[in-house]
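For ligands, and for the atoms within them, numbers begin at 1 and follow the listed sequence. Side chains included, hydrogens not; waters and symmetry mates left out as well; all remaining heavy atoms used.
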Amino acid sequence: MESLRERIKQPHVVVFPYAAQGHMNPLMEFAKRLVCRNLHVTFVTTERAREQMIQSQDGVPAHVTNALQDIRIETISEGVSSDCEEIKDVDMRFDLLKKVGGLTFEGVIERLNSQGHTVSCIVYDAVLNWVPDIANKFNVPSAFFWTQSCAVYSIYYHFYTGMVKAKDETETVIDVMEIPGLPKLCQSDIPSFLQPSNPYEPLLRLVMNQFSTISQATWILGNSFSELEMAEVKAMDSFIPIRTVGPLLPSAFLDGNDPQDQDVSTHLCKAENCIDWLNTKEASSVVYISFGSLPILSKAQIIEIALGLKASGHCFLWVLRLDLNKEENNTLHDFLEGFLEETIDQGLVVSWCRQMTVLNHPSVGMFITHCGWNSTLESLISGLPILTIPHWSDQTTNSKYIEEVWKTGIRLNKTEHGLVGRDEVEKSIKTVMESEEGVDLRKNALQWKILAKQAMVKGGSSDKNIDGFIDEIIARKVVSRHNY
Ligand code: UDP
């Protein structure tokens with residue numbers, strides 16, 4: 001019998017991420033999943049991000065970009081010309097994005113509709129909390145898309161509603177916080193923006209504001225899988241249920257339906273070729289180290305890590321991104337030059353790589369990460385043991401889960417100056433690469449890899465949630481399930 005989906009003209013979904021690497025990657029992967037199910041998809045990003053994507057693809061083998069062919073890409077303006085520097089002030093940047101970006105986004109929807117590509121649903125990044133108003137104007141349902149873990153979704157929600165606080169009425173810091181479905185959390189486990197010591201007030205406002213228009217969204221989708229965060233997802237069913245549709249990563253690493261889909265398609269930087277170098281290394285012998293898309297390391301921290309890597313004696317591949325605006329990094333030049341010379345047979349330092357390809361290369365044996373949510377999922381899907389050096393935002397919570405809940409990694413200790421010292425780096429690498437403890441971490445990671453794949457194959461938990469989402473768009477029978 002013909003399914004409902006086959007009988008009805010396929011819907012057209014607009015997918016709209018915030019234009020940062022950690023947001024664009026999962027939303028583009030989601031777009032690919034919709035296209036594979038024969039939906040029409042338009043991916044909207046800023047002019048700047050579009051240009052960066054094009055530049056980064058220069059010289060990329062065709063198979064990497066094939067999956068993109070059926071996705072229409074549209075751009076909006078972020079209010080400043082794309083050849084100007086991005087505005088550093090968070091409030092100003094997001095205000096402008098809302099004003100100018102909002103207007104140009106409306107223009108995109110209008111044009112798509114008038115060209116006969118009638119929009120059926122807008123999937124928007126949670127930080128773009130003004131999108132539901134635009135969706136309402138066009139009488140189109142919207143889906144709130146959460147790019148972090150469900151545990152972090154729950155924590156922010158409980159703080160947003162005031163059900164949980166980091167300080168009591170007398171302004172005393174609360175040491176242990178309890179949230180349904182989550183392990184007990186101490187201050188250093190909650191996202192850094194919620195901690196009383198948070199110096200980034202505008203970022204706290206930004207994350208809290210994500211919930212201000214959530215009631216207008218018809219669907220809440222999250223990049224996780226229910227087997228990974230069963231209790232967290234279940235507990236949120238009593239508040240604002242979240243549907244897990246992840247892990248959103250290239251098909252070749254999960255369901256295998258599209259073996260050519262081996263890379264994220266939204267790189268904003270040009271990747272260097274590390275594969276030839278990795279091919280010369282023995283199985284599971286390389287320490288891969290990367291701290292995501294935002295340069296965060298101080299000069300002192302870079303030196304400690306470099307010396308720790310060298311002393312470990314293990315081969316390493318290090319994605320080192322320097323913020324060249326930082327004066328102190330200019331003075332790193334001499335140190336790095338010497339370091340690279342001394343470790344020429346041991347390591348390779350690059351400015352960007354295809355991380356999923358690297359993590360899945362047989363020579364890679366472990367991952368040192370800042371615990372961005374994408375990197376965390378990617379490590380689990382690659383079955384790798386981890387050392388964590390969380391910096392801010394949700395990374396602190398992800399690190400807690402990696403160490404204590406999923407048991408795939410170890411958090412590195414910091415000195416009183418907030419640095420992870422060279423001895424700690426060396427000792428921890430040896431623990432993971434040479435000891436029984438490392439073997440156990442790897443075993444656990446491999447178990448998560450199996451469960452992640454199961455979630456995304458036909459009939460798996462996330463696969464079913466994606467199908468259900470599509471069926472509901474088609475049927476338009478959605479009743480708002482959240483009252484708060
Ligand atoms: N990434 C990459 N190459 C690199 C470094 C990072 O492809 O050299 C990708 C990584 O695979 C992940 C994303 O960039 O998908 C970073 O997102 P994450 O949430 O881990 O961290 P963020 O950059 O948002 O802090």
Side-chain angles (χ1 to χ4, degrees), residues 17-30 32 49 52-53 56-57 60 64-65 86 125-127 145-149 151-153 191-193 200 203 206-207 222-224 246-250 252-254 261-275 277-278 286-297 316-323 348-361 364 367-382 384 386-399 401-402 409 452:
Y18 176 60
Q21 194 72 71
H23 293 243
M24 291 176 70
N25 288 2
L27 274 150
M28 178 56 94
E29 291 308 316
F30 189 59
K32 286 184 193 168
Q52 289 172 325
M53 277 168 69
S56 77
Q57 278 170 13
V60 169
V64 174
T65 49
E86 208 174 29
D125 193 315
V127 292
F145 191 98
W146 185 255
T147 57
Q148 299 182 343
S149 75
V152 170
Y153 171 72
S192 69
F193 301 148
Y200 306 104
L203 289 172
L206 188 72
V207 291
N223 183 19
S224 185
L248 290 164
L249 290 164
F253 301 104
L254 288 162
D261 182 19
Q262 295 172 18
D263 193 25
V264 298
S265 315
T266 34
H267 286 284
L268 298 175
C269 302
K270 193 162 166 50
E272 292 184 46
N273 177 11
C274 324
I275 303 304
W277 183 84
L278 283 173
V286 175
V287 179
Y288 171 63
I289 170 163
S290 166
F291 298 103
S293 59
L294 309 164
I296 51 171
L297 298 181
F316 62 86
L317 169 58
W318 187 2
V319 177
L320 181 56
R321 298 170 49 68
L322 300 176
D323 184 345
L348 180 67
V349 177
V350 296
S351 59
W352 193 255
C353 73
R354 301 187 177 290
Q355 181 159 300
M356 266 312 272
T357 314
V358 165
L359 289 173
N360 284 277
H361 192 284
V364 172
F367 184 15
I368 304 182
T369 173
H370 70 314
C371 306
W373 182 237
N374 294 288
S375 295
T376 300
L377 285 175
E378 288 161 16
S379 71
L380 296 177
I381 277 69
S382 310
L384 288 176
I386 317 166
L387 289 179
T388 77
I389 308 185
H391 174 64
W392 70 349
S393 185
D394 60 331
Q395 296 156 16
T396 38
T397 313
N398 299 339
S399 173
Y401 269 76
I402 287 169

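The shortest N/O to N/O separation between H370 and ligand 1 falls below 3.5 Å. Considering backbone and side-chain atoms together, S375 places an N or O closer than 3.5 Å to an N or O of ligand 1. Geometrically, ligand 1 and E378 share a nitrogen or oxygen pair separated by less than 3.5 Å. The shortest N or O to N or O distance between F291 and ligand 1 is not below 3.5 Å. Residue S290 has no N or O atom closer than 3.5 Å to an N or O atom of ligand 1.
Heavy-atom distances between N25 and ligand 1 reach below 4.0 Å in at least one pair. At least one heavy atom of H267 sits closer than 4.0 Å to an atom of ligand 1. At least one heavy atom of Q21 sits closer than 4.0 Å to an atom of ligand 1.
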Q. Does the pair S293 and L268 meet the rule for a side chain to side chain contact (heavy atoms under 4.5 Å, CB included), with working shown?
A. CA-CA 9 Å; S293 59; L268 298 175; over 6 Å; no
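Close approach of ligand 1 to W373 is summarised as follows: ligand atoms under 4.0 Å from at least one heavy atom of the residue are 19 (O).
Within the model, atoms NE2 of H361 and CZ of R354 stand 14.5 Å from one another, a figure rounded to the nearest 0.5 Å. Distance check: L294 CG to H391 NE2 gives 8.5 Å after rounding to the nearest 0.5 Å. Interatomic distance, CG of L249 versus CG of L380, reported as 10.0 Å (0.5 Å rounding).
In terms of protein heavy-atom proximity, atom 23 (O) of ligand 1 is closest to S293 OG, 2.4 Å. In this structure, atom 6 (C) of ligand 1 lies nearest to the protein heavy atom W352 CH2, 3.3 Å. If you check which protein heavy atom lies closest to atom 19 (O) of ligand 1, you get N374 ND2, 2.9 Å. If you check which protein heavy atom lies closest to atom 24 (O) of ligand 1, you get G22 CA, 3.6 Å.
A donor-acceptor pair shorter than 3.5 Å cannot be found between the side chains of N25 and E29.
Two residues are said to be in side-chain contact when any heavy atoms from C-beta on lie closer than 4.5 Å; F291 and S375 fail this criterion.
The aromatic rings of F30 and F145 sit tilted, their planes meeting at an angle between 30° and 60°.
Counting only distance, with no hydrogens or angles, the side chain of Q262 and the backbone of P250 share no donor-acceptor pair below 3.5 Å.
Both the backbone and the side chain of C353 come within 4.0 Å of ligand 1, judged by heavy-atom distances.
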